[in-house]
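Some notes on the structure that comes next.
Atoms within a ligand are numbered from 1 in the order they appear, just like the ligands themselves. Source: prediction; values computed, not measured.
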Amino acid sequence: MSSILDSDIKYLPGVGPKRAELLNKELGISTFRDLLYNFPFRYVDRSRFYSIREIDSSMAYIQLRGRITRIDKVGQGRSQRLVARFSDGTGSIDLVFFKGLKWIEEKLQVGPEYVVFGKPATFNRSWNLVHPEIDLATEERLSQLGVMMGVYSSTEKLHNAGITNKFFEKMVGTLLERVLGSIEETLPAWIREEKHLAPLVFSLQNIHFPGSIQDLSRSQRRLKFEELFYLQLSLLRQKSIRMRADSGVVFRRIGDYFNKTYEALPFPLTGAQKRVLKEIRADVASGKQMNRLLQGDVGSGKTLVAVLAAMMALDNGYQACVMAPTEVLANQHYQSMQKFLAPSGARVALLTGSTKAKERELIHAGLLDGSVQIIVGTHALIEDTVQFRHLALAVIDEQHRFGVEQRSKLWSKSAVAPHVLVMTATPIPRTLAMTLYGDLDVSVLDELPPGRKPVETVHWTETRRGDLHNFMRQQIALGRQVFVVYPLIKESEKMDYKNLEEGYLHITEAFPAPQYKTAVVHGQQKTENKAFDMDLFARGKADILVATSVIEVGVDVPNASVMVIESAERFGLSQLHQLRGRVGRGAEKSYCILMTGYKLSNESKQRIELMCATSDGFELAEADLRMRGPGDFEGTRQSGLAFDLHIADLAKDSPALVEVRSLGERILADDPLLEHIENRLLAEQLRTLRLDTTVKDYSKIS
Ligand code: ADP
Ligand code: MG
């Protein structure tokens, strides 16, 4: 059933095709519904005016009231800008405009009182507001300022195209006017009554334009509940279908492949590895399809667990595949698996986007006739052209980048859905993980191989760059290798690459060839160059690897003993922890140096301090969840979920999670497939939210 909410966003008055394209690219907003459900990620108290004297670096947005004392045009050509000196009696600040100068020049005057709203930043040691909202402080305008104003996620590109917060407000206002009348309630009345939830229309209106703080919190509660509820319902339904279907491939025996591999291992398995392998063994022998999440801190030895699980498949005449999120990682898996696989003679191949056409054909043929037993690769593996003879185990590494939909694509590759083992290094507190991945069973590798020394972590500011270089020289002289990592965040990709390039230049100046060799790896390189430099470092032929954060996850270079993280304040805790896990893998003492500027917000300070104080991934993950606000754009992306949450916050909303889970269980106990007439709304809603994909695929299979 299509509704007005499915309309293309370009048809919303004031948007048009160009802005629509940007909204889609930057925020994934392509329909009216997407915009409607793109909630503010924060609210600002607009009833309050700050004084300029009060401004400090922890303020995200401020509202000021004052007068312009002078207006200057500065600079030439493209860097030309308009600077208005703004004063409120307690101090002054510069309002800076780079775009639409003519229009702004006409609008601004010295003298009258204005209301100014924007994000404070420092430039040349004084405060300024770049492209603030500015309005005459008329009675009318002052009365329009609501209590709470929503702040929407944005990006530099959107901002540059004039899609500011004000523009968002306008768009959403127009949208609400058009659609509120035709929005139908999405939760059955009995659930709303039982759980005391506000109606949908009220909630959508107030989440964007809160009438009061109470209305806002009622709306948030309702929308969070709904979001978590449908997610749980879909996960639970998948699980109940899976448990009912008698459709797991049975691995009856343990044979030569497993035993030869096991006997040739250069070290004993850790207790945790043994336990997890037993759990997997029980699953694959049970006659039900395995769907297991393997959580293990970096370095806990997940790869080996995957290899041994694959051997169980091979011993029973089946094939296995291992999917990694990037080519670098797929390569690395392939390399490190080969050394384990050699003793058993298992035949393994690598398939990625850059596999040559000829080789690709051979691999395709090998997979079809069964001569390729294990295939390692990237997304290339789920393409329709890849067909297996007997795929019975799929291992997915770093699963947060594979959605539910992609998982289900794998399932369609064999007559019976293969067993699935999802591996992740993002430690999620166990109870939360169970609730979150409602359809998965969870195993935890909570023990590191013996002999690992904790990585000594320190925080240095820019003033110690000289010390940093000396320390790097020292370590390199001892024969060790060094990672230098730069942040890469979608919002400012261009600037980040500039930082990386400059950093690379500095490094090559401080560590000149031929005495030192520096490799560089980032996402804008050609694949061959990337692989070449990565390989150089992995084989110990480069002393330093300069890289962006997207590239690094999972690379294993035991000889690297120093991890330098530039602009460390811009990373989340989990990510810092992941990066740190790249060192401390060999016998040598290892170091992680967090470089930041001198001035840090309180939250950044806390994060950095915590990193220096603990090496416990779970503790860090919990702190990370706690510190991140709901709907944090980057945060959601990195939180290890295969789906996006618009509003619910996994750290703060776990009581709601428990509540929706038991509600879901109650409903499904009576009606496992949601076929009863009174549950029609629920089934329909799962379809609208596209939360039923996997289920459809299952029904095709069984
Ligand atoms: P991760 O869980 O981060 O993927 P890996 O599988 O890459 O960890 O393992 C990290 C390193 O530890 C690898 O070099 C691997 O060979 C080694 N390793 C795995 N299991 C053990 C073990 N039981 N004892 C000693 N070293 C091990
Ligand atoms: Mg790994």
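In Gln273, the part holding a heavy atom less than 4.0 Å from any atom of ligand 1 is the side chain.
Set against the non-hydrogen atoms of Leu269, the atoms of ligand 1 under 4.0 Å away are 23 (N). Residue Pro449 approaches ligand 1 through these ligand atoms, each under 4.0 Å from one of its heavy atoms: 21 (C), 22 (C), 24 (N), 25 (C), 26 (N), 27 (C). In summary, the atoms of ligand 1 found under 4.0 Å from a heavy atom of Ser300, numbered by their order in the structure, are 2 (O), 8 (O). Listed by number with element, the atoms of ligand 1 under 4.0 Å from a non-hydrogen atom of Pro268 are 22 (C), 23 (N), 24 (N). Atoms of ligand 1 found under 4.0 Å from any heavy atom of Thr270, numbered from 1 in the order shown, are 23 (N).
Below 3.5 Å of separation, one finds an N or O of Thr303 facing an N or O of ligand 1. The shortest N or O to N or O distance between Gly296 and ligand 1 is not below 3.5 Å. Checking only distances, Lys302 does come within under 3.5 Å of ligand 1, N or O to N or O.
Side-chain contact, Gln373 with Tyr257: a donor N or O sits under 3.5 Å from an acceptor N or O. Residues Ser443 and Glu279 bring a donor and an acceptor atom of their side chains to less than 3.5 Å of each other.
Of the possible donor and acceptor atoms, one in the side chain of Gln525 sits under 3.5 Å from a partner among the backbone N and O of His522. In this structure a side-chain-to-backbone donor-acceptor pair under 3.5 Å is present from His419 to Val249. A donor-acceptor contact shorter than 3.5 Å is absent between the side chain of Asp297 and the backbone of Asp446.
How far CG of Asp283 is from NZ of Lys288: 12.0 Å, rounded to the nearest 0.5 Å.
In this structure, Gly299 has a heavy atom closer than 4.0 Å to ligand 1.
By the side-chain contact (heavy atoms from CB on, under 4.5 Å) test, Pro558 is found to be paired with Asp556, residues two or more places apart in sequence or in another chain being considered.
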